[in-house]
Number of protein chains: 2
Amino acid sequence: MRWEDLDREHCSLARTLSVIGDRWTLMVLRECFLGMHRFEEFEARLGIARHVLADRLKKLAEAGVLAKHLYQERPRREEYRLTETGLDLYPVILGLVQWGDKHMAGTEGAPLLRVHKTCGKVMDGVVVCSECGEPVRARDVRVEAGPGAGEETLPRPARAS
Amino acid sequence: MRWEDLDREHCSLARTLSVIGDRWTLMVLRECFLGMHRFEEFEARLGIARHVLADRLKKLAEAGVLAKHLYQERPRREEYRLTETGLDLYPVILGLVQWGDKHMAGTEGAPLLRVHKTCGKVMDGVVVCSECGEPVRARDVRVEAGPGAGEETLPRPARAS
DNA sequence: AAAGTGGGTTCCAAAAGAGAACCTGTCAAG
DNA sequence: CTTGACAGGTTCTCTTTTGGAACCCACTTT
């Protein structure tokens, strides 16, 4: 299977991964969420090869996750900013970071803490059900075919999702 | 930068990506959350090259995300099951799927719907603050150095995370 | 004895990545 | 008016990782 075919798959995960399913892409997005915008900043903080960085930024811009923003004419300079679509990826980044904090942190503990500006406390993100508000775990959820389902999407017996 | 170096980085995202930051790995995990356990199931549903699948399953098992489970002696047959550590990745998978449902779905709509067994309704996951229970968006959060922080982890001015 | 099954490993060619050098506007200093 | 610096890339070669197919092995069924 080629990765360009992935965005035509009948699976939202596969379609998402065709845009951001790459180590460097996720690292670039982390830097964006930390407030970085410029080519040089990404390069210096990540140690990524320049042509790979250029490629990832281009693809993220094409996908509408980042937008180029002119911050200086003559010489023309552009920076990259998260769009609303990009900001919607926050739950993914937060999920990855929290999993790392819990399962991969050394003895010292988490490198970064998150403070909720609204309530002022150090927080974690918790995933709750949009309908009843209860926390959701994998075992609490079952899948059903949706409007855009293909035949092959569903598992044979519908089990946990 | 080499990817083996990533798990020594002072960043939970990088450490997480050193384990699951790979397209195929995430696709394998999707299948696990859909109830698949066997080598042949993964191969048939994903169209992944067999040696890549073998490699990913081995690494996931070494990382403690999947556990090998003997389901038959003579001939010896093993399947892969999510551990508690693996089940903790559900928020990540859910985040990716929901982003895809929202931004990458075609005209037909989402391929799969999720039903919350507890309340019986079709649901989405919503990320809320562990302290105040309000929904959390990227703009509502600021980062601070945590106990395991290194110098280079923090952005110069602490902005949005 | 032959074919099937589950779970792999081995081979080669193609694609993606690392690392370094080079290019393009533009300004500022000597 | 030449030299250097800066931001943001592109091009080059070399190594690593994939994709795709074939092969292997321990058993069971026909």
Side-chain angles (χ1 to χ4, degrees), chain A residues 1-9 14 17-29 31-32 35-63 66-81 156, chain B residues 1-9 14 17-28 31-32 35-62 66-81 156:
Chain A
M1 192 201 285
R2 283 283 145 57
W3 282 106
E4 292 78 61
D5 308 341
L6 215 47
D7 56 353
R8 271 169 267 126
E9 281 247 325
L17 293 182
S18 75
V19 176
I20 61 157
D22 169 277
R23 288 169 148 103
W24 282 128
T25 302
L26 266 325
M27 293 292 280
V28 167
L29 285 171
E31 295 302 323
C32 291
M36 302 299 142
H37 309 292
R38 316 256 253 258
F39 193 95
E40 294 272 305
E41 290 175 323
F42 294 130
E43 195 208 350
R45 290 173 53 91
L46 297 178
I48 182 176
R50 297 173 71 93
H51 62 305
V52 176
L53 175 57
D55 176 75
R56 295 303 184 279
L57 289 171
K58 186 150 71 81
K59 284 184 178 156
L60 284 170
E62 283 166 4
L66 299 179
K68 278 192 170 190
H69 188 254
L70 195 74
Y71 70 92
Q72 173 186 300
E73 296 263 12
R74 355 191 42 80
R76 187 183 186 80
R77 294 277 180 271
E78 293 172 313
E79 60 186 15
Y80 296 85
R81 291 184 169 272
R156 288 110 18 124
Chain B
M1 191 201 286
R2 285 281 147 58
W3 283 106
E4 293 79 60
D5 309 342
L6 256 192
D7 55 354
R8 271 169 267 128
E9 281 247 326
L17 293 182
S18 75
V19 176
I20 62 157
D22 169 277
R23 289 170 148 102
W24 282 129
T25 302
L26 266 324
M27 292 292 280
V28 167
E31 295 302 323
C32 291
M36 302 299 142
H37 309 292
R38 316 257 253 256
F39 194 95
E40 295 272 304
E41 290 174 323
F42 295 128
E43 195 209 348
R45 290 175 51 93
L46 297 178
I48 183 176
R50 297 175 68 96
H51 61 306
V52 176
L53 176 57
D55 176 74
R56 296 301 184 279
L57 288 171
K58 186 150 72 81
K59 284 184 177 156
L60 284 171
E62 283 165 6
L66 299 180
K68 278 192 170 191
H69 189 253
L70 195 74
Y71 69 93
Q72 174 186 300
E73 295 264 11
R74 349 194 44 79
R76 188 182 185 81
R77 293 277 181 271
E78 292 172 313
E79 61 186 14
Y80 295 86
R81 291 185 170 271
R156 287 112 16 126

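Letters go in sequence order (proteins before strands), and every chain restarts at 1. This is a predicted model, so every value here is computed, not measured.
Here C:dA18 presents its P atom at 11 Å from CE of A:Met27, a figure rounded to the nearest Å. Taking atom NE2 of B:His51 as the reference point, atom P of C:dT10 lies 11 Å away to the nearest angstrom. Separating the CD atom of A:Glu43 from the P atom of D:dA7 is a distance of 11 Å, rounded to the nearest angstrom. What separates CG of A:Leu70 from P of C:dG25 is a distance of 16 Å, to the nearest Å. The interatomic distance linking B:Leu66 (CG) with C:dG7 (C1') rounds to 15 Å, in whole Å. Between the C1' atom of C:dG7 and the CD atom of B:Gln72 lies a distance of 12 Å, rounded to the nearest Å. As a whole-Å value, the separation of A:Leu57 CG from D:dA7 C1' is 13 Å. In this structure, NE2 of B:His69 is placed 13 Å from P of C:dG7, rounded to the nearest angstrom.
Between the side chain of B:Arg50 and the base of D:dG20, no donor-acceptor pair of N or O atoms lies under 3.5 Å.
Put simply, CD on A:Glu41 and CD on A:Glu79 are 8.0 Å apart, with the number rounded to the nearest 0.5 Å. The distance from the CG atom of A:Leu46 to the CE atom of A:Met36 is 10.0 Å, given to the nearest 0.5 Å. Atoms CZ and SG, on A:Arg81 and A:Cys32 in that order, are 10.0 Å from each other to the nearest 0.5 Å.
Stacking of B:Arg50 on the aromatic ring of B:Phe39 is not recorded, the 6.0 Å distance cut-off and the 45° axial limit not both being met.
A close approach under 4.0 Å does occur between a side-chain nitrogen or oxygen of B:Trp24 and OP1 or OP2 of D:dG19. Note on A:Tyr80: a side-chain N or O is less than 4.0 Å away from OP1 or OP2 of D:dG9. Between B:Arg76 and D:dT28, a side-chain N or O to OP1/OP2 separation shorter than 4.0 Å is absent. Remark: B:Lys68 is in phosphate contact with C:dG8, judged by side-chain N or O atoms under 4.0 Å from OP1 or OP2.
Within 4.0 Å of A:Phe42, counting heavy atoms only, lies no atom of the nucleic acid at all.
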Between A:Arg38 and A:Tyr71, is a side-chain hydrogen bond (donor to acceptor under 3.5 Å, both in side chains) present by the stated rule, with each step listed?
-> CA-CA 10 Å; A:Arg38 316 256 253 258; A:Tyr71 70 92; 3.1 Å; yes
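Comparing C:dT9, C:dG19, D:dG9 by their nearest atom to the side chain of A:Ala49 picks out C:dG19. Taking only side-chain atoms of A:Arg77, from C-beta outward, the nucleotide of C:dA18, C:dT9, C:dG25 with the closest atom is C:dG25. Considering only the side chain of A:Asp22, C:dG17 comes nearest among D:dT28, D:dA22, C:dG17.
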